[in-house]
Amino acid sequence: MSSNSFRVMKFGGSSVGSPRRLRQVIELIGKHSRTGPLAVVVSAMGDTTDWLLEAADLATRGELEGSLTVVARIAHLAKTNAAALHPAQSTTLAARVDQLLAPLQQLLQGISLTRECSPASKDKVLAFGEVISATLLAELLKAAGTDAHFRDARLLLVTDDTFGTARVDVSRTRERLQVAITEWGASLPIIPGFIAATLDGRTTTLGRNGSDYTAALVAQGVGASEVTVWTDVLGLHTADPDLVSDAYPVAHLTHGEGLELAAVGVRMLHPRTMIPLIEAGISLRIRNTMHPDHPGTLIDAIGSRDGQRPTCIATREDLALLGIEVRKLSDQFQLGERALAALRAARVTVWMTAQSANGQSIALVVPRPDAPRARNALETELAQELARREVEPLGVREPVTLVTLVAEAMGHGVNVAGRFFSALGAVGVGVRASAQGASSRSISCVVDAEDTAIAVRTTHAAFNLAHQQVSLFVLGKGTVGGQLLAQLRTQQEQLRQRHGIALRVVGIADSRRTLFDSTGLALDGIEEQLARVVRGEPGTRALAPLLDELRRLPVPILVDCTADGDVASLYTEAFRRGIHVVAANKKPLALPWNEREALLAEARHHHVAYHYETTVASSLPVIDTLANLVRTGDTVRLITASLSGSVGFICNELTSGVPLSTAVRTARERGFTESDPREDLSGADVARKALILARELGLSLSLADVALEPFVPEPSDAGDSPESYLRSLRALDAEYTQKVERCKQSGTVLRYLARIDPTRLGTDAPVIRVGLTAVEAGQPAADLRGSESFVSFTTTRHSEFPLTVRGAGAGGAVTASGVLADILRVSQTLRGR
Ligand code: ASP
Ligand code: MG
């Protein structure tokens, strides 16, 4: 920046609203005024403009006393600020304030007498706010050693007489400013924002928040190179920080991006401010008075060259969506043009229009308070067509929010619209209307107001965050659930850093109690936290209301680590809300065929994942391998599998001479069996897994179709408790020792295997058989160690050497790691970029 070119700095109402902020502003101005020519534009202090409006209103209603009380409030704020900064001159400055406000009191008296406040009078009233703050600021700067002077904007900015929103005569304004700079000399001009005057000197205003516009006009008029708008935020953010805690300030934008953001309603920018800057090639900086060293946001002709630059999500709330639809296909009667013209005539701002390609239907987005007026205007315009029923009655949807994604490079980016809409779809946000302008710098959509936060958070994350957030609701904290929580605790940080995935546990439920916190639960001391839960309805049914909260979070996943037989309806509720399910629970997959099919169909229908790799052979990739075989057109001829880690372990113990009852006890102690070992020893668990596998092949079989020989038939005196069952097993010790002996003599090993033979379909022989088998030494199933599981697939392509998956297939930690892998699979599929 050349040292002789002007800079303009604008300070908003909050920057001069309190002694603390005002002190920073005076320091800042002092510092910057020494480095080159500067002009300062300032707004009214704090809420002064709102108060002036209030005073005018009261006066119009004849309530002069109330009106003057409001003036006293304005005076008090100004005096307090001035006195705090310059105590030595507090009396002089207070007198100055009173002197400035005297004409306002007369004006309000006049208004209260006539009970009439014309737009011209209102502008006169409003002007006092900026006049007081600019006058005081100049005085305070002088006192602090900066040569500053109040320069009345009404002598500089020339407008027409549209009071309230006056239109600026740009060339006359420039002429006046060019003369003014020669008169200012070395002294620093302090110019009130927002106000101006007609050629014949009547006070006007530029519309609410007009001081930025003043700054842009002054910059254009004096030939400045840069305008800095000092505010209370760190710059323009990637999204409204009130809605998205991860939003961050953008360093560098183009003028075009700035204009686009202004046009879609970003509070900090207004199109009328951007236009003079763009025309004159002036750059705009947005900076924070409280952090004067932070660079803030720079908006200029060049913008950022960074390919990875952020994308901004702008939101405009409190809008209404009006829909017009033509009934007859042939007749379009320039629907779009006529509707827009009618709204223009009714002075309704249209935030977005979207028209179907054939012109049959049109969506218009307007401020919600204007919706009735807009509707009237449209109904009047289309009265004939409505009467002839050529047009459907107007539909109004409110409140809605306009969400817009803005990025300069968007036109060059691949599939921006696809990512935008799929991010919204993934969290179940319905898009009510959408539009992409020819500038291809932005794409907008309308969502229901209640979906605003989730829509903004989701799209912001999809485009800007290095890590993807995933929200988990974990059911069951027994062997598997407990291990999962432990693994999450230790791996969370690494997953975030290395893989860009931020896993957040928002809910944990056991059979009796539920913890839920949408901001995330601390994973330490879960037990203590659960113990503190007082309320809590038992049963998974009570969880359904929480799903409504879960669905609003990024990538919501219900993680079922229970063995609950009654969860299918909960899954369905989850799927319907766009929630993914990752389950180690086999029961829903072993339901009658129709019910299982309905469950899977529901997940497909709602485009959500249902992963259950750990239901067969724990974390071993069995389901996935089988799915790939089937998907790629291979034909499975036979599946042989040892599907129970616990029974496998017991077989090995038996082979090495351990009695049955001892082997079962050891297996249980090591956590290989279900808590009731009967589940394993009866073969019910293996039968279920075999059924799950067979069904993956598309075979519509049910549990009743499994030819099941129990590994150990239940002794008659087994009793109810696991302990009495274990004791009763002693009676069978001898029998099993004999079985093992017989095997040894014939050179075989005792195994408990599942066989799925699809070629038997339609014959009398069972397709699924589960039972004790003497396996010849050398066969893969013969030399399984410990609790190893194995599954071998004989297929058309893998006929000579079956495709075999083998490894540790039991235990809480292994299963939990498989569950975690399924969770990561969900988030990776969603990323897909
Ligand atoms: N004081 C005026 C308002 O509050 C102008 C501004 O702040 O920019 O609207
Ligand atoms: Mg303001």
Side-chain angles (χ1 to χ4, degrees), residues 7-32 38-52 74 77-78 80-82 84-85 129-130 132-134 136-137 140-141 190-194 207-216 219 226-253 258 261-262 265-270 273-274 277 283-299 310 312-317 456 460:
R7 286 157 306 150
V8 175
M9 291 191 166
K10 179 255 167 177
F11 295 90
S14 63
S15 297
V16 290
S18 68
R20 195 169 68 94
R21 302 288 305 276
L22 198 50
R23 189 167 293 124
Q24 289 163 327
V25 167
I26 287 172
E27 221 169 87
L28 261 172
I29 296 177
K31 194 176 94 192
H32 284 282
L38 182 69
V40 169
V41 173
V42 64
S43 303
M45 290 176 174
D47 294 329
T48 300
T49 307
D50 290 330
W51 294 345
L52 287 166
I74 293 168
L77 175 68
T80 317
N81 282 335
L85 275 130
E130 266 69 12
I132 293 173
S133 76
L136 287 181
L137 183 59
L140 294 171
L141 280 162
I190 309 296
I191 304 167
F194 177 53
R208 289 307 303 267
N209 301 314
S211 301
D212 289 357
Y213 185 32
T214 305
E226 185 173 299
V227 172
T228 304
V229 171
W230 290 92
T231 85
D232 47 10
V233 290
L234 282 179
L236 209 79
H237 280 63
T238 48
D240 184 343
D242 288 343
L243 295 174
V244 186
S245 54
D246 298 312
Y248 55 93
V250 183
H252 203 170
L253 290 169
L261 285 166
V266 162
R267 240 180 293 140
M268 239 176 292
L269 294 173
H270 197 284
T273 309
M274 290 306 302
L277 300 179
S283 44
L284 172 65
R285 263 181 207 283
I286 298 169
R287 299 180 68 173
N288 188 329
T289 352
M290 286 173 287
H291 300 274
D293 299 325
H294 191 283
T297 300
L298 172 64
I299 304 174
C312 292
I313 315 288
T315 32
R316 184 90 204 174
E317 297 183 66
V456 179
H460 182 262

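The basis for the numbers below is simple: all heavy atoms, side chains too, and nothing from hydrogens, waters or symmetry mates. Along the sequence shown, residues carry numbers from 1.
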Can you list, pair by pair, the side-chain donor-acceptor contacts under 3.5 Å of residues 17-29, counting residues two or more places apart and other chains?
unit_1 : atom_1 : unit_2 : atom_2 : d
Ser18  : OG     : Arg21  : N      : 3.4
Arg21  : NH2    : Ser15  : OG     : 3.4
Arg21  : NH2    : Thr289 : OG1    : 3.0

* To do: Check the pair Val41, Phe11 against side chain to side chain contact (heavy atoms under 4.5 Å, CB included), reporting the backbone distance first and the verdict last.
  => CA-CA 6 Å; Val41 173; Phe11 295 90; over 6 Å; no
* Asked: About how many Å separate CD1 of Ile191 and CG of Leu137, when rounded to the nearest 0.5 Å?
  -> 11.5 Å
* Given His270 and Asp212, is the side chain to side chain contact (heavy atoms under 4.5 Å, CB included) satisfied, shown in steps? -> CA-CA 8 Å; His270 197 284; Asp212 289 357; over 6 Å; no
* Trp51 and Leu77, any side-chain heavy atoms less than 4.5 Å apart -> yes
* Do Leu38 and Met9 come within less than 4.5 Å of each other through their side chains, counting heavy atoms only? -> yes
* Examine distances only and state if a side-chain atom of Ser133 and a backbone atom of Ser43 form a donor-acceptor pair shorter than 3.5 Å. => yes
* **Closest non-hydrogen atom pair between Lys10 and Ala215, with its separation** => CB-CB, 3.8 Å
* Asked: Of the non-hydrogen atoms in Arg287 and Gly296, which two are nearest, and what is the gap between them?
  -> CG-CA, 4.4 Å
* To do: Could you pull out the closest heavy-atom pair between Ala216 and Thr273, with the gap in Å?
  => CB-O, 3.5 Å
* Asked: Considering all heavy atoms of both residues, which atom of Pro292 and which atom of Trp230 are nearest to each other, and what is their separation?
  -> CA-CZ3, 4.1 Å
* Leu243 versus Thr315: any side-chain heavy-atom pair under 4.5 Å? -> yes
* Please assess Leu269 against Ile299 for the test side chain to side chain contact (heavy atoms under 4.5 Å, CB included), listing each intermediate value before the final yes or no. => CA-CA 11 Å; Leu269 294 173; Ile299 304 174; 4.1 Å; yes
* Mind listing the closest non-hydrogen atom pair of Ala134 and Ile190 along with its distance? => O-CG2, 3.6 Å
* Asked: How about Ile74 and Leu52: do any of their side-chain heavy atoms sit closer than 4.5 Å?
  -> yes
* To do: Apply side chain to side chain contact (heavy atoms under 4.5 Å, CB included) to Ala78 and list each qualifying residue two or more places apart in sequence or on a separate chain.
  => Met45, Val97, Ile132, Leu136
N/O donor to acceptor pairs below 3.5 angstrom from side-chain atoms of residues 232-240, sequence neighbours left out:
unit_1 : atom_1 : unit_2 : atom_2 : d
Asp232 : OD2    : Ser14  : OG     : 3.3
His237 : ND1    : Gly235 : O      : 2.9
Thr238 : OG1    : Tyr248 : N      : 3.0
Thr238 : OG1    : Tyr248 : O      : 3.4
Thr238 : OG1    : His460 : NE2    : 2.6
Asp240 : OD1    : Asp242 : N      : 2.9
Asp240 : OD2    : Arg267 : NH2    : 3.3

* Asked: Which atom pair, heavy atoms only, marks the closest approach of Thr48 to Gly129?
  -> CG2-CA, 3.7 Å
* To do: Would you indicate whether the side-chain heavy atoms of Val227 and Val229 approach each other to under 4.5 Å?
  => yes
* **Working for side chain to side chain contact (heavy atoms under 4.5 Å, CB included), residues His32 and Arg7** => CA-CA 9 Å; His32 284 282; Arg7 286 157 306 150; 3.6 Å; yes
